[in-house]
Amino acid sequence: MPTEALRSYCVSVRLNIEELQILEVKRGSYKKGEWLRMASLQKIPPIIPAINLNAWKALSEISQKLNRIATHIDGKSKESQLTHTELFAVKRQLEELRCNLLRADFWSVPREGYAEDQER
């Protein structure tokens, strides 16, 4: 370890109970001194929230549906045009994905339905 990287200076700090409780919450798995050093040098790592498993599952289902649609479309001959049902299914899944990514009330509205052929 280079000499300039060696930590040889000690700084102590006194906290009241409220400040200590805030420190305990904010430091997470870091030691108190380590977290205080990072905070004072503005090098606190970003807090990454836990994965919302329900959201992950729902978005995975939408992703799977989009992949099945893409596989179906890729399997069609090059001169074959998309049917209204295929276009409707793609549009519906993209809208569902966009809506679910942007909505705060993600879990309060049922999202299941069936595509219908909408020939005109």
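Side chains included, hydrogens not; waters and symmetry mates left out as well; all remaining heavy atoms used. Source: prediction; values computed, not measured. Numbering starts at 1 and runs along the sequence shown.
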Inset, instruction - Find out whether R14 and E19 are in side-chain contact, i.e. whether some heavy atom of one side chain is under 4.5 Å from a heavy atom of the other. - result: no
Legend entry - Nearest-0.5 Å distance that lies between atom CD in Q93 and atom CD in Q64: 11.0 Å
Inset, instruction - Give, for atom CD of E61 and atom CH2 of W56, the distance between the pair rounded to the nearest 0.5 Å. - result: 13.0 Å
Legend entry - Spacing of L36 atom CG and K32 atom NZ [to the nearest 0.5 Å]: 9.5 Å
Legend entry - Minimal non-hydrogen separation, W35 against R27, with atom names: CD1-CA, 3.5 Å
Inset, instruction - Measure the shortest side-chain to side-chain distance between R37 and E34 over non-hydrogen atoms and say whether it is less than 4.5 angstrom. - result: yes
Inset, instruction - Decide whether I17 and I22 are clustered together by the hydrophobic rule: side chain heavy atoms of Ile, Leu, Val, Met, Phe, Trp, Tyr closer than 4.5 Å, transitively. - result: no
Inset, instruction - Could you check if a side-chain atom of I62 sits within less than 4.5 angstrom of a side-chain atom of L59, using non-hydrogen atoms only? - result: yes
Inset, instruction - Working to the nearest 0.5 Å, report the span between CZ of R92 and CG of L66. - result: 11.5 Å
Legend entry - Intermediate values then yes/no, side chain to side chain contact (heavy atoms under 4.5 Å, CB included), V13 and L15: CA-CA 7 Å; V13 62; L15 305 172; 4.2 Å; yes
Legend entry - Main-chain N/O of T83 paired to E86 side chain as donor or acceptor, under 3.5 Å: yes
Legend entry - N/O donor-acceptor pair under 3.5 Å between S80 side chain and K76 backbone: no
Legend entry - Pairwise side-chain contact, K91 with L87, heavy-atom cut-off 4.5 Å (strictly under): no
Legend entry - Distance in Å, L23 CG paired with Y30 OH, rounded so as to fall on 0.5 Å steps: 13.5 Å
Inset, instruction - Measure across I73 and V90 and return the closest heavy-atom pair with its distance rounded to 0.1 Å. - result: CD1-CG2, 3.8 Å
Inset, instruction - Count the heavy atoms belonging to other residues, nucleotides or ligands that lie under 6.0 Å from CD of Q81, then report whether that count exceeds 12. - result: no
